[in-house]
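Written out below as structure tokens is the structure these notes cover.
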Amino acid sequence: MTDPESPYAAIYAVVQRIPPGRVCTYGRVAALAGLPGQARLVGYALHALLRQSVVPWWRVINRSGRISNVYAADEQRARLLAEGVDVDETYLIDLDRFLWAGDDVE
DNA sequence: TGTGTGACAAGCC
DNA sequence: AGGCTTGCCACAC
């Protein structure tokens with residue numbers, strides 16, 4: 001996040017738009033950020049946010065509705081539970097209830 | 001400068 | 001339905 005023109009800025013902006021108690025998938029965030037199919041970039045960008053709590057990176061999960069984060073999966077699950085998101089012991093999340101389509105706020 | 005890898009997604013078998 | 005393969009971009013060595 002060195003240049004505002006960098007795709008990372010768009011990713012961060014989208015993640016910040018995710019309402020509390022709601023989660024979003026990498027692909028969804030990527031699409032909203034203007035990077036269709038480039039979900040890997042989202043994961044890579046969020047990887048650098050682990051130190052910065054200015055962005056709710058914990059609200060971003062994979063397409064399977066699970067936390068693939070091997071670096072802070074425990075912390076992410078705790079944060080989601082604090083947000084009101086029901087996270088299973090196997091890091092499974094109900095996308096049908098907590099998935100944010102992005103149409104809540106424009 | 002070039003090769004390999006990564007918090008993924010979609011397609012195919 | 002579930003598992004395997006390919007594509008994509010940016011960054012580390």
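A, B, ... follow the sequence lines: proteins, then strands. Residue 1 opens every chain. Every heavy atom of this structure was used, including side-chain atoms; hydrogens, water molecules and symmetry mates were not.
Interface limits on DNA chain C: the 5'-most and 3'-most nucleotides within less than 4.0 Å of chain A heavy atoms are C:dG7 to C:dC11.
The backbone N or O of A:V60 lies less than 3.5 Å from a partner atom in the side chain of A:Q76, making a donor-acceptor pair. Distance alone, capped at 3.5 Å, places no donor-acceptor pair between the A:D94 side chain and the A:D96 backbone.
Taking atom CG of A:D74 as the reference point, atom P of B:dA7 lies 17 Å away to the nearest angstrom. Distance OH (A:Y8) to P (B:dG6): 15 Å, rounded to an integer number of Å. Taking atom CG on A:L49 and atom P on B:dG6, their separation rounds to 19 Å, with Å as the unit. B:dG6 atom C1' lies 10 Å from atom CG of A:L41, rounded to whole Å. Atom-to-atom, CG of A:L46 to C1' of B:dC8 comes out at 12 Å; the value is rounded to the nearest Å. Across the protein-nucleic acid pair, A:R40 atom CZ and B:dA10 atom P stand 14 Å apart, rounded to whole Å. With rounding to whole Å, A:E75 atom CD is found 16 Å from B:dA7 atom P. The interatomic distance linking A:I18 (CD1) with B:dA7 (P) rounds to 19 Å, in whole Å.
At a threshold of 4.5 Å between non-hydrogen side-chain atoms, the residues A:D86 and A:R97 count as touching. Contact of the A:V23 side chain with the A:W58 side chain is not registered, since no non-hydrogen atoms from C-beta on lie closer than 4.5 Å.
For A:Y26 and B:dA9, a side-chain-to-base donor-acceptor distance below 3.5 Å is absent, hydrogens and geometry of angles not being considered.
Between the CG atom of A:L35 and the CZ atom of A:R40 there is a distance of 14.5 Å, given to the nearest 0.5 Å.
No salt bridge links A:R79 with A:E83; every basic N to acidic carboxylate O contact stays at or beyond 4.0 Å.
Base pairing annotation: B:dT1 forms no Watson-Crick or G-U wobble pair, as no partner gives both donor-acceptor distances under 3.5 Å.
No engagement by A:L35 is indicated, since no non-hydrogen atom pair under 4.0 Å with the nucleic acid exists.
For the OP1/OP2 pair of B:dA10 and a distance below 4.0 Å, the side-chain nitrogens and oxygens of A:R63 include at least one atom meeting the criterion.
Annotation: cation-pi pair A:R66/A:Y91 absent, no NZ/CZ under 6.0 Å from the ring centroid and within 45° of its normal.
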